[in-house]
Structure formats: structure tokens, C-alpha cells
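Each residue takes its place number in the sequence, starting with 1.
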Amino acid sequence: IGGDDLWLLRTDGSEPENLTADFAPGIMDMQHPAGATPFLAWPRLTNASSLVVRTEGTEGRTYYSADADGHLVRLALPESAIDTSMAYSVETQQFVVPAATDSGLALWQLDLETGARDPTPLFRSNELLEEVDRPTTRMVDYVNAAGDRLQAGVLLPPDYVHGRKYPTIVLVYPTFLYGRSSFDHLTEPYARWNPSLMAASHDFREATSLNRPPYSQIGQLAASRGYVVVYPSIPIRDVPYEELMGNVMPAVDAVTAEGYVDTTRLFVQGESNGGFGTIALLSLTDRFRAGAAHVPAFVNSISSYGIMQGDERYGDYPHVVRRSRVEMLGGQGRMHVPPWENPERYMRGSVIFHADKIHAALLLTQGDMDFLGMGQSEEIFLALTDLGRRAEYVRYWGEGHRFASPANIVDLYARTLAWFDEFGDIARNERGELLWRDNRVISRGDAPPRSREWMIALLAGDFDPPVLR
């Protein structure tokens with residue numbers, strides 16, 4: 001792609017051929033095959049006769065199949081198609097695209113040669129979640145400890161009542177910044193329904209782009225079950241561990257000042273780098289009743305630098321493919337140099353050295369094929385059990401850094417919300433609705449907390465009495 005056109009470069013030394021000289025609008029990028037780049041030579045398309053390109057014009061973004069003769073056929077995508085998540089079959093020249101609406105997910109099949117004016121539906125899923133109402137969104141301004149003017153995104157329960165103080169989950173991810181445009185995607189159908197499509201992606205070639213971390217959607221379900229969910233902006237300049245409090249707690253205070261938060265029922269959760277952020281915050285403050293860390297990174301910066309990837313350990317080059325090392329040096333870990341060059345910095349950035357300061361209950365969830373390995377979760381879990389603190393460690397076999405099994409994703413959601421319900425002393429009726437008195441959720445009293453199985457039934461909308469216990 002060059003100059004908004006699609007070019008064919010042959011290896012025989014002939015002049016480049018502009019395949020779209022008479023075509024408008026301009027070509028933005030290649031969508032498929034997976035891994036395509038603006039300088040992808042045609043033979044590398046594994047004998048594909050067509051590729052898929054994206055355009056931007058007066059009609060918005062559109063998609064075309066293109067062949068080596070310059071023939072372009074517009075693809076008739078469903079109106080609700082997720083335009084960045086598609087699968088392509090080289091052998092059959094079929095194009096599979098997911099579509100997301102409030103009614104759930106669907107997969108549609110299109111023929112690249114004809115454009116498929118009538119896409120073929122393959123299957124639908126998550127239709128049972130149609131009854132989950134969307135939360136209301138708010139943006140709250142605040143100033144962090146460094147003087148930066150930031151915004152936090154807030155999800156309010158669909159049935160939010162002004163004046164009530166709600167149990168609140170702070171969902172953290174260091175380095176993420178939120179504004180209105182970047183936060184709105186959390187209430188779009190794509191963000192609501194995409195997790196269970198991850199399993200479907202395994203049935204199609206080159207469909208890995210469908211995978212997304214499940215924790216990017218758990219805030220939706222938490223809000224639908226009565227929680228306020230806060231997404232603080234967390235810019236990081238130096239050592240992440242040392243900057244979390246100055247970014248997160250001013251956001252919590254600002255949201256509390258808006259009148260949404262029951263400060264006696266405050267929780268923190270996050271995945272990956274957010275898992276690290278969750279554990280770190282529990283070691284820095286006692287304001288949170290409980291935390292949930294999913295596939296946490298960088299618990300111990302030293303061992304994070306030195307581990308082999310869980311999904312590469314038995315490969316031929318585990319000493320070469322080391323994403324965790326890359327993240328520690330130049331990515332989210334912010335260590336910049338190996339540990340032997342600056343061991344003091346590694347200790348400053350490692351929450352494992354502050355495990356004795358964690359008093360809140362911590363839920364750890366981990367896939368055994370995570371490229372980060374299982375060691376980070378194991379280190380903090382063993383430290384907390386040695387200290388006699390309340391911790392639970394759940395391992396999901398066969399899962400990587402991003403979960404794929406729908407059953408595991410549902411279990412993860414249910415465990416997390418049941419964990420917060422338990423340690424927040426939250427009472428619900430048989431329909432799963434919060435019970436209130438004087439604008440606060442009442443205590444369970446002597447009643448036991450709801451089980452994980454009950455929460456699974458609640459999330460699935462299955463209220464068959466034998467399931468509820």
C-alpha cells in the first residue's frame with residue numbers, strides 16, 4: 001500500500017503495478033491475511049487469490065476483496081459487524097466476520113469472489129445475555145498527586161438510584177488513560193459480548209484477532225449486578241509501584257465525592273499489569289475490603305525478568321522468545337536495565353517485598369499456559385499463606401494470558417463477583433437484587449455468602465430454585 005493505492009510488486013524486476021489507480025476511495029490498510037503489512041509480497045499470501053483491504057471515504061469505512069488483476073469486490077458486511085475482528089480462509093476464499101448487538105454475538109460468512117450480498121449466518125451465541133441491561137456511564141475529573149488533570153470512567157448500575165451508596169469496584173490497569181471517547185467502547189456491544197467468541201475463533205483459520213482479555217468486560221456484568229465500577233487513569237513516569245496511590249486514590253476520592261460510593265464496600269481488581277496493580281494497591285492501603293488479580297504480572301520484577309514463557313517452555317527457542325523480559329525492560333515493567341545492573345530498582349518495583357502489608361482478602365486466577373508463567377501468582381499466594389492471610393488461588397488448565405473457554409470465563413466472572421459479595425457482606429434476594437436500607441446495602445447477618453454456582457446461575461439468568469444455594 002502506498003499513496004492510498006494498492007500496488008503489485010513482482011520479483012521479475014518489472015515496474016510496480018498500481019492495482020487501484022482508477023479506484024476511489026483510498027486504501028487504508030490490509031485486513032487479511034493475518035499479519036499483512038503494507039509491504040507484503042503476494043507469494044507470501046500462502047497461495048491466496050484474494051486479500052481484504054479497508055477503505056475510508058464518504059460512506060465511512062468499507063471493505064473489499066482484491067485480486068492480483070486489480071478486481072475489487074465490495075464486501076456486504078452486516079450492519080453490526082465488528083470491523084477489526086475477522087477470519088479468512090485461503091482455501092475456500094470465504095470470509096468470516098463476527099457481529100455484536102445487544103442480542104448477543106453472531107458469525108456471518110461471506111464469499112470473497114462475489115462479495116456475498118446476502119451473508120450466511122453460521123451461528124449465534126450469548127443470546128441469553130440480551131436481558132442484561134447496559135450500565136450508565138459517567139466521566140469524573142480529578143487531579144493526581146503529580147498535578148495532572150485526569151478523568152476516571154464510571155459505570156453505574158442500570159437501576160441506579162440517586163443518593164444510594166453502592167458497593168464499588170476499582171478496575172485498574174497502570175499506563176491506561178481514559179477520556180470520553182476511549183471509555184465509551186466499554187458500553188458498546190463489542191465490549192459487552194465479545195468474550196465468548198474467543199472459543200469460536202479456534203474453529204477458523206487466522207482468527208486469532210478475535211481473542212480479547214475477559215476482564216475488559218467484567219465491569220459490565222458487575223454493574224449489571226449492582227456494583228459501581230471505576231476506571232481510573234494511571235499514567236506512569238518511573239517505577240509503577242511507587243506511583244499507583246497517587247493516581248488511583250485521587251480518582252476514588254473524586255468519584256466518592258459524587259455520592260456513588262459506599263466506602264465500606266470498596267474493592268480493587270485488574271488483569272495482567274492490572275493484576276500487579278491490584279496486589280500493589282492492597283499492600284499500599286487498607287481502604288479496599290478485597291481484591292481480585294487475574295493473570296498478574298511483575299509481582300517479583302527479578303523473577304519476571306528471568307522466566308521462560310509458559311507457552312514456549314518446551315519449544316526450541318525459549319531463551320529467545322521472552323516477552324516478559326521485554327516488558328520488564330522497555331514495556332510496562334519500566335526497569336530499563338537487567339537486575340544485576342540495578343537490583344535496588346527491581347526491589348522498589350516488586351510487590352512481593354511488601355506482601356506482609358497485605359491484609360485484605362485476595363483472589364488470584366491464572367492460566368497454566370500464560371506467557372508470564374504461573375510463578376508470579378504462586379509467589380504472592382505462597383507469601384500470603386505463609387503470613388496466614390486470606391488468599392485463594394484458582395488455576396485454569398490450558399488457558400493462556402487470555403482465556404478462551406466460555407466455561408472458564410463464566411467461572412472467572414462468577415468467582416470474582418462472589419468473592420466481592422462475600423467480603424463486602426452483601427445481601428441479595430432470591431432474584432440476585434441488592435437489598436437496601438437507608439440508602440446502603442444491608443448485611444447478610446448470619447446467612448452464608450452465596451456460592452460460585454449461585455453466581456453462575458445469576459449471571460446466566462437461570463433462576464431455577466434447585467440451582468440457587
Is any side-chain N of the basic residue among [X] and [Y] closer than 4.0 Å to the acidic one's carboxylate O?
X	Y	result
Asp159	Arg164	no
Arg237	Glu243	no
Asp368	Arg395	no
Asp238	Arg345	yes

Examine distances only and state if a side-chain atom of [X] and a backbone atom of [Y] form a donor-acceptor pair shorter than 3.5 Å.
X	Y	result
Asn429	Arg431	yes
Tyr166	Leu156	no
Arg265	Val441	yes
Ser377	Met374	no
Tyr346	Val337	yes
Thr285	Leu281	no
Asn247	Asn144	no
Asp425	Arg444	yes
Ser350	Ile352	no
Ser233	Gln151	yes

Less than 4.5 Å apart, side chain to side chain, heavy atoms only: is that true for [X] and [Y]?
X	Y	value
Val394	Leu364	no
Ile218	Leu171	yes
Gln376	Asn300	yes
Val161	Trp436	no
Ile358	Ile380	yes
Pro167	Val228	no
Arg389	Leu362	no
Glu344	Asn342	yes

Could you walk me through whether Val154 and Phe183 pass side chain to side chain contact (heavy atoms under 4.5 Å, CB included), step by step? CA-CA 9 Å; Val154 180; Phe183 186 66; 5.7 Å; no
Distance check, rounded to the nearest 0.5 Å: [X] atom [atom1] versus [Y] atom [atom2]?
X	Y	atom1	atom2	result
Phe353	Ser283	CZ	OG	12.5 Å
Ser405	Asp411	OG	CG	9.0 Å
Thr263	Phe288	OG1	CZ	11.5 Å
Thr256	Arg287	OG1	CZ	6.5 Å
Leu434	Ile442	CG	CD1	10.0 Å
Glu392	Arg415	CD	CZ	6.0 Å

Between Phe276 and Tyr241, how do the two ring planes meet: parallel, tilted or perpendicular, split at 30° and 60°? tilted
Which word best sums up how the rings of Phe423 and Trp419 line up, parallel for under 30°, tilted for 30 to 60°, or perpendicular for over 60°? tilted
Show, in sequence, the C-alpha distance, side-chain angles and deciding distance for Tyr160 and Tyr260, and conclude whether the ring pair (Phe, Tyr, Trp, His ring centres under 6.0 Å) test is met. CA-CA 9 Å; Tyr160 170 76; Tyr260 305 136; 5.7 Å; yes
Show the nearest heavy-atom pair for residues [X] and [Y], with the distance to one decimal.
X	Y	value
Gly400	Val295	O-CG1, 4.4 Å
Ala427	Ser443	CB-O, 3.8 Å
His359	Asp286	CD2-OD1, 3.9 Å
Val172	Pro232	CG1-CG, 4.1 Å
Arg428	Trp454	CD-CH2, 3.9 Å
Val170	Leu266	CG2-CD1, 4.0 Å

Go through Val268 and Leu282 one step at a time and tell me if the side chain to side chain contact (heavy atoms under 4.5 Å, CB included) criterion holds. CA-CA 8 Å; Val268 61; Leu282 293 182; 3.7 Å; yes
Taking it one step at a time, do Asp421 and Tyr227 satisfy side chain to side chain donor-acceptor pair (under 3.5 Å)? CA-CA 10 Å; Asp421 268 20; Tyr227 284 92; 2.5 Å; yes
So Arg180 and Thr137, side chain to side chain contact (heavy atoms under 4.5 Å, CB included) or not? Walk me through it. CA-CA 9 Å; Arg180 169 51 69 183; Thr137 63; 3.1 Å; yes
Test Thr264 against Arg289 for side chain to side chain donor-acceptor pair (under 3.5 Å), laying out the working first. CA-CA 8 Å; Thr264 68; Arg289 292 282 293 270; 4.8 Å; no
Could you walk me through whether Tyr393 and Thr385 pass the side chain to side chain contact (heavy atoms under 4.5 Å, CB included) check? CA-CA 10 Å; Tyr393 179 33; Thr385 55; over 6 Å; no
Going through the distances and angles, do Asp141 and Arg149 end up as a salt bridge (charged side-chain N to carboxylate O under 4.0 Å, His left out)? CA-CA 7 Å; Asp141 298 323; Arg149 295 186 178 277; over 6 Å; no
